[in-house]
Amino acid sequence: MRVLGIESSCDESAAAVVDSRAGLLGQALHSQVDLHRRYGGVVPELASRDHVRRLLPLVREVLEASGTAPEELGGIAYTAGPGLVGALLTGAALAQALALGWRLPVLGVHHLEGHLLAPLLEAEVPPFPHLALLVSGGHTMLIDVRRIGEYHLLGETRDDAAGEAFDKVAKLLGLPYPGGPELARLATQGQPGRFHFPRPMRDRPGLEFSFSGLKTAVMLAVRERELTPAVKADVARGVEDAIVETLCAKALRALEFTGHEALVVAGGVGANQSLRAQLTAAARARGARVYYPRPEFCTDNAAMIALAGLVRLSAGECSPRTVRVRARWSIAELAPPGKAAS
Ligand code: KG4
Ligand code: ZN
């Protein structure tokens, strides 16, 4: 089966084609970063309008690049949530319209399941069951992935997500939008230990996170200090170290708790090189292995949506022919492919 995937949950418009035998056949993405930069964050209305402009040409592009005629498709998958409602609606409406015109089944996919399944697009596929650390701009979660569609939430953040913490501190330091990757880049030039920030909840039992205190700690540390390039780099390093160390400590604790020997890291913050290096080393020391999607499949993309759609459409699932999306949607509500009441 061959599936067209459409992603529009936030500020990335994307389309991709995945085939059950040949794997990923093509993907195209337009990032709206330039559009939102001057506002310092995503403006939902602008995001929706831009998706409307971008999505159809992206769909045409991936179909052409992958040599796929509409009649060769077995279905269309789109991100149905969680995300910005207006943005989600643009992708849902397009997917539903194309599916109606081409007489194809259509399926609304959970964005976070897309992130969790992204490592399956790589050559080395993680075994099931495994532990997943899902770290994005909106979520920080440790999930016991028993099998596809069976997700047990072990712990999540009580306040800000890890990516949000990266972004907020970057804004405080006056770094250009989007802040997370910029802060990470600057951290490579900073000296470790010059600024020490709290490792919230690291030493408490349990698998929960809390990152909202970091922004205040940084604000206090840089108060009455000239923000020279060197100070900014040292602060960036201190913040990255605090976030990475906390994520590593809790991920290792969750590995011990579940007894799993494989850890999947997914979501935008999974592109962070320091996190990747430290998790890999720490897991190896305990005989566990870490699986990552390639960095461009850590952040939002349509390949992961096409794949999640393929898995479920080929098990016979499909959504009704109505444009329905969900701003909030717990991943624990999902069921294994073919068993869902969608
Ligand atoms: O998964 P994603 O693309 O979108 C959401 O679903 O949220 O994640 C975006 C988040 C942003 O907060 C961004 O700053 C962060 O991932 N991010 C990074 C890096 N690349 C993206 N954070 C730290 N280091 C990076 N290299
Ligand atoms: Zn995402």
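Both counts, for ligands and for their atoms, begin at 1 and track the order of listing. Only heavy atoms go into these numbers, but all of them, side chains included; no hydrogens, no water, no symmetry mates. Just so you know, residue 1 is the first one in the sequence shown, and it goes up from there.
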Would you please say whether a donor-acceptor pair under 3.5 Å links the side chains of Glu7 and His111?
yes

Where's the contact between His139 and ligand 1, heavy-atom distance under 4.0 Å: side chain, backbone, both or neither?
neither

Mind checking whether Gly179 has a heavy atom under 4.0 Å from ligand 1?
no

Which of the numbered atoms in ligand 1 are below 4.0 angstrom from a heavy atom of Gly138?
7 (O)

Mark yes or no: Arg276 above the aromatic ring of Tyr292, with NZ or CZ under 6.0 Å from the six-membered ring centre and no more than 45 degrees from the axis.
yes

Heavy-atom distances under 4.0 Å decide this one: backbone, side chain, both or neither, for Thr299 against ligand 1?
both

Within His115, is some N, O or S atom less than 2.8 Å away from the Zn ion (ligand 2)?
yes

Determine whether any heavy atom of Cys10 lies closer than 4.0 Å to an atom of ligand 1.
no

Mind checking whether Asn272 has an N or O less than 3.5 Å away from an N or O of ligand 1?
yes

Between Asp159 (side chain) and Ser212 (backbone), is there a donor-acceptor pair under 3.5 Å?
yes

Start with the C-alpha distance between Leu263 and Leu133, add both sets of side-chain angles, then the distance that settles side chain to side chain contact (heavy atoms under 4.5 Å, CB included), and finish with yes or no.
CA-CA 7 Å; Leu263 169 65; Leu133 173 65; 4.3 Å; yes

Can you list the atoms of ligand 1 that are under 4.0 Å from a heavy atom of His115?
1 (O), 6 (O)

Establish, yes or no, whether the cationic atom of Arg253 lies under 6.0 Å from the six-membered ring centre of Phe257 and within 45° of the ring axis.
no

Is there a polar contact, in the sense of an N or O pair closer than 3.5 Å, between Gly137 and ligand 1?
yes

Distance from Ile243 atom CD1 to Ser274 atom OG, nearest 0.5 Å?
10.0 Å

Tell me which N, O or S atom of Asp300 sits nearest to the Zn ion (ligand 2).
OD1

Would Gly163 count as being in polar contact with ligand 1, using the rule that some N or O on each side must be under 3.5 angstrom apart?
yes

Considering distance alone, does some N or O of Gly268 sit under 3.5 Å from an N or O of ligand 1?
yes

Looking at atom 14 (O) of ligand 1, what's its closest protein heavy atom, distance included?
Asp167 OD1, 2.5 Å

Which atoms from ligand 1 have a heavy atom of Asp300 less than 4.0 Å away?
1 (O), 2 (P), 3 (O), 4 (O), 5 (C), 6 (O)

Need the ligand 1 atom indices (1-based, order shown) with element for anything under 4.0 Å from a heavy-atom of Ala184.
24 (N)

Among Val269, Leu134, Leu247, Thr246, which one satisfies side chain to side chain contact (heavy atoms under 4.5 Å, CB included) with Thr140?
Leu247

Looking just at side-chain N and O atoms, do Thr68 and Arg2 make a donor-acceptor pair shorter than 3.5 Å?
yes

Sub-4.0 Å atoms of ligand 1 with respect to non-hydrogen atoms of His111:
6 (O)

Residue pairs, two or more places apart or on separate chains, that pass salt bridge (Lys or Arg N to Asp or Glu O under 4.0 Å) and touch residues 130-145
Asp144-Arg146

Do His30 and Ser13 have side-chain N/O donor and acceptor atoms under 3.5 Å apart?
no

With the threshold set at 4.0 Å, does a side-chain nitrogen-carboxylate oxygen contact exist between Glu256 and Arg286?
yes

Looking at the Zn ion (ligand 2), is there an N, O or S atom belonging to Cys10 that lies under 2.8 Å away from it?
no

Honestly, for Gln273 the part within reach of ligand 1 (heavy atoms, under 4.0 Å) is neither

